[in-house]
Protein chains: 2
Amino acid sequence: MSTTKVPRDSGFMLRENCPQRRIHYILNGKWTSMVLYALSHGAMRTGQLERALPGISKKMLTQTLRSVEGGGLVERKVFNVVPPRVEYSLAPLGEKFIEPLRGLYDWAASNAAALDELERNMQENTDSRLD
Amino acid sequence: MSTTKVPRDSGFMLRENCPQRRIHYILNGKWTSMVLYALSHGAMRTGQLERALPGISKKMLTQTLRSVEGGGLVERKVFNVVPPRVEYSLAPLGEKFIEPLRGLYDWAASNAAALDELERNMQENTDSRLD
DNA sequence: CGGGATCCTTCAGGATACTG
DNA sequence: CAGTATCCTGAAGGATCCCG
């Protein structure tokens, strides 16, 4: 049978398990990148982080910290003292991650206007239940 | 009354509407960044994009395209021909966005191992309904 | 082919209460 | 102060059908 020559696209493709997809396990989380970013300014205690990210729930904070710790992005240091004291800091891997992230954040800072539009459009196009 | 000197944290804080938070309107979306990334390799037709991102639903593709278009990140070009032809390409603003994003993706490519851990941890710590 | 409109499922993530 | 355990809701996003 004639093997029909399918006109192969441009060839570019982001397969299911390519790094570009998998990194979104980090980026999709509402807090992960911001926690890392916060820590890029120096080690912080749990409470400090909580206050540095207004709106974060205790649950999400610890959950996020656990995962980045498990991923080797963050170091966790526990001091055995009366009022518990735990400090988090960026591991080398995390430092590397921050560099391009900072680039993105810089872009954001320089294009607040575009972000406005984005937000607006994101919401408009999202199903939008019209009572 | 003695104005109790609260020991002001480190001073670092990511307020509710800072750019670093707002850019996550883009990053949180499951497809947005990848669509932009795909387009950074040249203009593409709708169908091409769909195939370049296996697993994306038609709904999400158009929805995503609408929002990035509205945000001025992407240009949409319609050709008035018999079988409709629509081409998307990065707008200058989008090009700028891609640069740091590529940095992140490079990081991902160089640290697949860390991504493994991350994924695992993300899932383990997520409520985890135990039947 | 490109894309709009619905419907439905899932699960990220917030609130709250409790422990050491 | 740091952390765990539930419970519950909203909304992201997939499947499907229809249209020009």
Side-chain angles (χ1 to χ4, degrees), chain A residues 7 9 16 21 24-35 43-67 69-70 74 76-88 119 121-131, chain B residues 6-7 9 16 21 24-35 43-70 74 76-88 119 121-131:
Chain A
D9 271 333
E16 309 272 1
R21 283 209 186 195
H24 283 265
Y25 274 88
I26 303 183
L27 299 176
N28 284 335
K30 187 173 183 181
W31 302 103
T32 321
S33 346
M34 277 173 29
V35 164
M44 294 178 81
R45 300 187 51 175
T46 315
Q48 291 185 56
L49 272 170
E50 201 172 348
R51 282 182 300 268
L53 304 171
I56 195 174
S57 66
K58 198 169 281 205
K59 177 192 166 193
M60 284 320 290
L61 178 58
T62 29
Q63 181 173 311
T64 302
L65 285 169
R66 287 295 160 279
S67 59
E69 186 198 355
V74 161
R76 182 184 170 191
K77 190 162 191 182
V78 184
F79 299 79
N80 241 338
V81 288
V82 255
R85 175 189 186 93
V86 181
E87 271 191 9
Y88 295 92
E119 273 183 58
N121 277 277
M122 293 279 185
Q123 279 152 9
E124 278 174 10
N125 291 102
T126 203
D127 254 29
S128 69
R129 163 157 325 276
L130 22 142
D131 55 302
Chain B
V6 191
D9 272 332
E16 309 272 0
R21 285 209 185 193
H24 284 266
Y25 274 88
I26 303 184
L27 299 176
N28 284 335
K30 188 173 182 181
W31 302 103
T32 319
S33 348
M34 277 173 29
V35 163
M44 296 178 79
R45 300 187 50 176
T46 316
Q48 292 185 55
L49 271 170
E50 201 171 348
R51 283 183 299 269
L53 304 171
I56 195 174
S57 66
K58 198 169 279 207
K59 178 193 165 192
M60 285 319 291
L61 179 57
T62 30
Q63 182 173 311
T64 302
L65 285 169
R66 286 297 160 278
S67 59
V68 286
E69 186 199 355
V74 162
R76 183 186 169 186
K77 191 163 191 181
V78 185
F79 299 80
N80 242 337
V81 289
V82 254
R85 176 190 186 92
V86 182
E87 271 191 8
Y88 295 92
E119 273 185 57
N121 277 278
M122 292 282 185
Q123 279 152 10
E124 277 174 10
N125 290 104
T126 202
D127 255 29
S128 67
R129 162 158 326 277
L130 20 143
D131 58 301

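Computed from a predicted model, the values in this text were never measured in an experiment. For the numbers below, each heavy atom of this structure counts, side chains included, while hydrogens, waters and symmetry mates do not. Every chain is numbered from 1, with letters handed out A, B, ... down the list of sequences.
Nucleotide C/dG13 holds its P atom 13 Å from the CG atom of A/L53, rounded to whole Å. What separates CG of A/L61 from P of C/dG13 is a distance of 13 Å, to the nearest Å. Whole-Å rounding puts the A/E16 CD to D/dG14 C1' distance at 13 Å. The interatomic distance linking B/Q63 (CD) with C/dC7 (P) rounds to 17 Å, in whole Å. Rounded to an integer number of Å, the gap from CD1 of A/I56 to P of C/dA12 is 15 Å. Between the NE2 atom of A/H24 and the P atom of D/dA12 there is a distance of 17 Å, given to the nearest Å. If you take CE of A/M60 and P of D/dC7, they are 19 Å apart, rounded to a whole angstrom. If you measure from atom NZ of B/K77 to atom C1' of C/dG2, you get 17 Å, rounded to the nearest angstrom.
Comparing A/G55 and A/V82 by the nucleotide of DNA chain C whose heavy atom lies nearest to each, the residue mapping closer to the 5' end is A/G55. Across the interface with DNA chain D, nearest-nucleotide mapping of A/N28 and A/R51 shows A/R51 to be the residue nearer the 5′ end.
Summary of helix geometry: the two end axes of the helix from C/dC1-D/dG20 to C/dG20-D/dC1, each defined by five base pairs via their C1' atoms, are inclined to each other by 40° (rounded to 10°).
A/S33 approaches A/I26 most closely through the heavy-atom pair OG-O, 4.2 Å. Closest of all the heavy-atom pairs between A/T32 and A/T64 is CA-CG2, 3.6 Å. The shortest non-hydrogen separation linking A/K30 to B/N28 is CA-OD1, 4.1 Å. Between A/M44 and A/A52, the shortest heavy-atom contact is CE-CB, 3.8 Å. Across every non-hydrogen atom of A/L65 and A/L49, the tightest pair is CD2-CD1, 4.0 Å.
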Extract from the structure each pairing of a protein N or O with an N or O of nucleotides 2-4 of chain D at less than 3.5 Å, listing the distance.
residue: D/dA2; atom: OP1; partner: A/R45; partner atom: NE; Å: 3.2
residue: D/dA2; atom: OP1; partner: A/R45; partner atom: NH2; Å: 3.3
residue: D/dA2; atom: OP1; partner: A/T46; partner atom: N; Å: 3.4
residue: D/dA2; atom: OP2; partner: A/G47; partner atom: N; Å: 2.6
residue: D/dG3; atom: OP1; partner: A/R66; partner atom: NH2; Å: 3.2
residue: D/dG3; atom: OP1; partner: A/R76; partner atom: NE; Å: 3.2
residue: D/dG3; atom: OP1; partner: A/R76; partner atom: NH2; Å: 2.4
residue: D/dG3; atom: OP1; partner: A/Y88; partner atom: OH; Å: 3.0
residue: D/dG3; atom: OP2; partner: A/T46; partner atom: OG1; Å: 3.2
residue: D/dG3; atom: OP2; partner: A/Y88; partner atom: OH; Å: 3.0
residue: D/dG3; atom: O5'; partner: A/R66; partner atom: NH2; Å: 3.4

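With rounding to the nearest 0.5 angstrom, the NE2 atom of A/H24 is 9.5 Å from the CH2 atom of B/W31.
In this structure, the side-chain contact (heavy atoms from CB on, under 4.5 Å) partners of B/E69, at least two apart in sequence or on a different chain, are B/R66, B/R76. Residues that satisfy the side-chain hydrogen bond (donor to acceptor under 3.5 Å, both in side chains) test with B/R21, not counting sequence neighbours, are B/E16.
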Please tabulate, for side-chain N and O atoms in residues 80-87 of chain B, each donor-acceptor pair with protein atoms closer than 3.5 Å (sequence neighbours left out).
residue: B/R85; atom: NH2; partner: B/E87; partner atom: OE2; Å: 2.9

